[in-house]
Structures are given as structure tokens and as C-alpha cells.
Amino acid sequence: MREHFEIRAHDGAARIGSLTVPRAGVDVETPALLPVVNPNVLTIDPSRLRSTFGVDVLITNSYIIHSTDRVRERALEEGLHDLLGFDGAIMTDSGSFQLAEYGDIDVTTAEILEFQHAIGSDIATPVDVPTPPDVDRERAAAELETTETALADAAAVDTGDMLVNAPVQGSTYPDLRERAGRHAASTDLDVFPVGAVVPLMNGYRYADVVEVVMGAKRGLDPDCPVHLFGAGHPMMLALAVACGCDLFDSAAYALMARDGRYLTVSGTEHLEDLEYLPCSCPVCSQHAPADLRSRGDTERERLLAEHNLHVTFAELRRVKQAIRSGNLLGLVERRARGHPAMWDGYRALLDHRGELERTDPVSKGTFFSVSADSPSRPEVERHHDRLGRLTVPDRLLVTESKPPSDHDYDAVWRIRPPFGPYPPALSETYPLTAEVPERPDVAAERAAAEGVARLAREHAHASVTLAHDDWDPAALSAVPEAVELEDLSRLGRSNG
Ligand code: GUN
Ligand code: ZN
């Protein structure tokens, strides 16, 4: 039982939770995004992060503070919160990033943790080794052992009520990620960042991000709060939350603003290329692109950074609402359509449908919508899975239209692509309450046809007739020979 994390709502592997940060006296609602604040370059004043953007936790780098004399002395004297002018919770990173960039740093885990404690950090980080993607297995395994030693060193430091991160490494080897997750969860550390995914995200390798996260999640316990280190682009938040990540941090809002880049939920645009601003945040409502371009560098950078944060937090709220509505996969799918690399990530996510299902509440209060040309979704699979458990009479009509008023079947069931057949008694139960398009496309018809095949296979005694509304031959080819077909459009009985 992780005493600082409570899960309040689930949708698949995604959750809304609450992370208690005792040293800050703050409860952080998750999913949460921690803006990265560089203590030497305050693009946006941290106090404004709180007042304008509602940020209650940010992240900064203790190694930068430690290695800049003037800032280090101030941090030790005044504390981090006064130094930054931020009264929420502050997470500090350790210098592992510098380790990955420059190969060497001059502090140990014990030293940097004690320093983080001394400057008043609320959530600290040991010196893990962010092994890059695609290295050979020996290196990934050896560096993982170093990270595991760092976690043990961290656990041995007296950190009072400061929470401590237990980063999960293992490069692009899902089984090493799993082992790392299991080890991290066995310590009494508090928050579990999945590390070294920045190079994957920079390369738009979202399918690999999903594999790495799902590997780590298999090793971690379901009640571990999971942070995706260095992830915070609005385009991928829904996907990462759907994998079961709870915390994110973003330097992108500021770094991108520095070179004129404008974040959207379907990628990154260049201010130079925009004639219109496709956003309703305060910055975009009050400025035209030419106006932003004409500002001085500092002001343009601040305005772009503000827009970048507005879109990011708006997306985060949308993600949370989608979890509450039981509709997060629908949002992930929409985001996947915005960018090809995201589509690969979405497919990879659906490959793990079984794992997502394990935490998905079977009954949800509200509808979700499926757009019909999706790869198969857990809800459809689950409906098909239960067909075997239903009682089926000898002569069954499965129809896409209203049941005919007189017939000699033993029962009439309905079918609505992409869902397979169902008895009328289930029509008001989840997921059949979903809104689906009036005109299903071939993939949806095909999924429904596979449901008919499943029904016929599981209940071989029954003689089944399928009355469909002009389904595509490619979909109908999934229906076994033994099922009799009627085309409602030919019978003039469609649109029921
Ligand atoms: N920031 C981005 N990735 C990482 C990581 O793997 N480890 C640490 N400590 N910080 C990071
Ligand atoms: Zn905007």
C-alpha cells in the first residue's frame, strides 16, 4: 500500500488520483503536469504558474542549483520555495540528465539527496543512469544495476517527510523495464518515474514509448504513482495517461517558445508558418501571429510559452474529463489521427488491450463513442467475449433493423457495428450504450461480423440468420457459411 497515493477513478489503465506531498502540505490531483523551471532562466514567473495556470507542483534541477555558487548559497539560505517564489510543491531532479549528456557528474546520490533535502525539496531524485534507447543489452543491464544501487543509497538517506523518486530504467528492453519496475516497487521510495524516454519522444517513437511504459507498469504495483520523465507535449498526454502514467513534466513549453515554436494537440507548429492562431487561450485571443512576430524576443518567448502552457493544461483537463466519462480511448484515438507517429503509439497501446482491461471498470455510467474504423477496442472485444456466456435459442435472428412484427424465430437479437450481436435485454448496458456512427464503415461492419462468427462458433447448436443493412462483402466474408444472410436494404426494411 503506497500511503501517499490514492486512486479515485479509473478508465482502462488510466486513473485520476491524489498524490499527497507531506513536506509541501499539498495534495496534487493526478494526472498532473509539472512545468520545468530553470532557476537561471525564468521564462514565466513561478508565482504566475500558480496564479494563472493553477500549477500546484513544478520541477527544477537541483544539480544546476548545486553547481552554480550564487544560486546554491541563496537556495541553502532562503530555501527553494522562496528562491523561486513558488508556494506549491517542488520536485527536484538530480543531475542524471547532465550525466547522460556529459558522461560524468561530481555528486553521489547521498550527497545530492542531502542537498535536495537541505534546500527544501518536496520530492527528490537519486542519481539514476538514463540509459539511451537501443544500446546493447549488456550495457542496459549493467547500468540498471547502477540505478538499483542508487535507489538503495537513496533509501538509506534520512529524508524526513520528503518524498523520493525511484526511477525505472532499462533502455528499450521491456523485460528489463519490468524487472526495474519490480525492484523499484520493492523499495520504500515513493514516486516511480519511467526514465530516458526523451530520446524516444524526440524521435517520435511513440510505439516504443508505449512498450517501455507498459514494461515498467508490469513490474510496478497498480497503486504506484508513475511519472513519465521529460514528457509533456500536449499531443501525447492522452496516450501516456492511457498507459497508466500519472505525472508528467514539461520543459517543452519554454524550450519550444525559445525558438518560435507553437504547441498544439496534434504537433508543433512554427510561428513563422502561421497566419492564424488555432487556439482560444488568452494569448491567442488577443494576438495575431504577425503581432507576436513583431514583439521583442523576450516578450514573444513569454507569450509563446504562455500559449504552450495553456494548450497543455487544457489538454490535461480534457484527459481528466475523458477518464471521468469513461472515454479516454476515444480521445487517444482522436489524437492518434492528428499525427502518424501517434497512430503507431495508439496501435501499440491496443496491443496491450488485455493489460488495459484488467483495471477497466466493466460498467461505466456514461456513453463512449467509437469511431468505426479503429483497430479493435477493448470494449468491443469484451462484448464479444461475453457472447459465449449468453443463452442462445435454436433459431435466432440477428438484425440491424427493428425486429419484424411476425416471424417464427425463437428470439430476435440486435446488432450494431462495431458491436456483435446482443439480446434486447442488454441494449441499455455498457458498452452497448455507446454512440456509434449512423453509417458504419467496413472495419466496423467487419468487427460486428466477427461477433456473429464468434456467436455461431460458441453456440454451434443454434441456427443463426443475420439481417444486415448492405454490409460490405469484405465484412461479410468474416461470417461463417452456416449463418444465413439477409440484406435488409434489398428487402426494403433498412433503417430500423
Ligand atoms: N529527465 C528526463 N529523463 C530523465 C531520467 O531518465 N532520469 C532523471 N533523473 N531525469 C530525467
Ligand atoms: Zn493559445
Side-chain angles (χ1 to χ4, degrees), residues 34-36 38 52-53 59-64 91-101 105 107 109 112-113 116 121 123-133 135 140 143-144 146-147 150-151 154 164-172 177 180 184 189 191-202 209 212-213 216 226-234 240 245 247-253 255-257 261-265 268-269 271 274 276-289 291-292 300 302-315:
L34 291 60
V36 175
N38 179 336
T52 305
F53 297 92
I59 180 168
T60 190
N61 191 318
S62 68
Y63 186 74
I64 295 180
M91 179 187 284
T92 43
D93 203 350
S94 58
S96 291
F97 180 74
Q98 282 72 11
L99 181 69
E101 287 286 290
I105 56 168
V107 291
T109 281
I112 199 71
L113 267 189
Q116 291 172 76
S121 173
I123 311 171
T125 310
V127 183
D128 55 311
V129 185
T131 309
V135 301
E143 292 186 355
L144 180 52
T146 308
T147 293
L151 301 197
V164 179
N165 280 326
V168 175
Q169 299 290 347
S171 184
T172 24
R177 292 282 183 172
L189 303 182
V191 179
F192 301 87
V194 177
V197 291
V198 172
L200 294 176
M201 292 183 300
N202 289 344
V209 173
V212 156
V213 171
V226 178
H227 181 160
L228 193 57
F229 250 149
H233 194 298
C245 297
L247 299 162
F248 301 89
D249 62 278
S250 175
Y253 77 96
L255 295 178
M256 302 265 183
R261 283 183 287 174
Y262 178 98
L263 302 185
T264 81
V265 293
T268 307
E269 304 281 349
L271 180 61
L274 293 175
Y276 304 93
L277 296 178
C279 171
S280 53
C281 84
V283 174
C284 299
S285 330
Q286 285 157 33
H287 302 271
D291 175 20
L292 290 180
R300 182 178 56 251
R302 181 181 58 80
L303 289 167
L304 276 176
E306 287 189 10
H307 155 80
N308 289 344
L309 278 179
H310 279 298
V311 269
T312 307
F313 284 112
E315 179 69 355

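Basis for what follows: all heavy atoms, side chains included, without hydrogens, waters or symmetry-related copies. Whatever order the structure lists them in is the order used to number ligands and atoms, beginning at 1.
Side-chain atoms of Phe229 and Asp93, non-hydrogen and from C-beta on, do get closer than 4.5 Å to each other. Counting heavy atoms from C-beta on, the side chains of Thr264 and Pro234 never come closer than 4.5 Å. The closest side-chain heavy-atom distance from Pro130 to Gln169 is below 4.5 Å.
The N, O or S atom of His307 lying closest to the Zn ion (ligand 2) is ND1.
Here the heavy atom of the protein found nearest to atom 6 (O) of ligand 1 is Ala196 N, 2.8 Å. Closest protein heavy atom to atom 3 (N) of ligand 1: Phe229 CB, 3.6 Å. At the shortest separation from atom 10 (N) of ligand 1 among protein heavy atoms lies Asp93 OD2, 2.6 Å.
Residue Pro167 places every heavy atom at 4.0 Å or more from ligand 1.
Between the SG atom of Cys279 and the SG atom of Cys284, the angle taken at the Zn ion (ligand 2) works out to 110° after rounding to 10°.
Taking distance alone, with nitrogen or oxygen atoms compared against 3.5 Å, Thr125 stays at or beyond that limit from ligand 1. Among the atoms of Val198, none of the N or O lies under 3.5 angstrom from an N or O of ligand 1.
Heavy-atom contacts of Ser96 reach the following atoms of ligand 1: 8 (C), 9 (N) (cutoff under 4.0 Å).
Counting heavy atoms closer than 4.0 Å to ligand 1, residue Asp128 contributes side-chain atoms (C-beta onward) but none from N, CA, C or O.
Arg177 contributes a side-chain N or O that, together with a main-chain N or O of Ser171, makes up a donor-acceptor pair within less than 3.5 Å. No donor-acceptor distance shorter than 3.5 angstrom exists from the side chain of Thr125 to the backbone of Ser94, with no hydrogens or angles considered.
Ring geometry for His307 against Tyr262 counts as parallel: the plane angle stays under 30°, on a 0 to 90° scale with 60° as the upper cut.
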Candidate pair Gln116 and Thr92, rule side-chain hydrogen bond (donor to acceptor under 3.5 Å, both in side chains), full reasoning: CA-CA 7 Å; Gln116 291 172 76; Thr92 43; 2.6 Å; yes
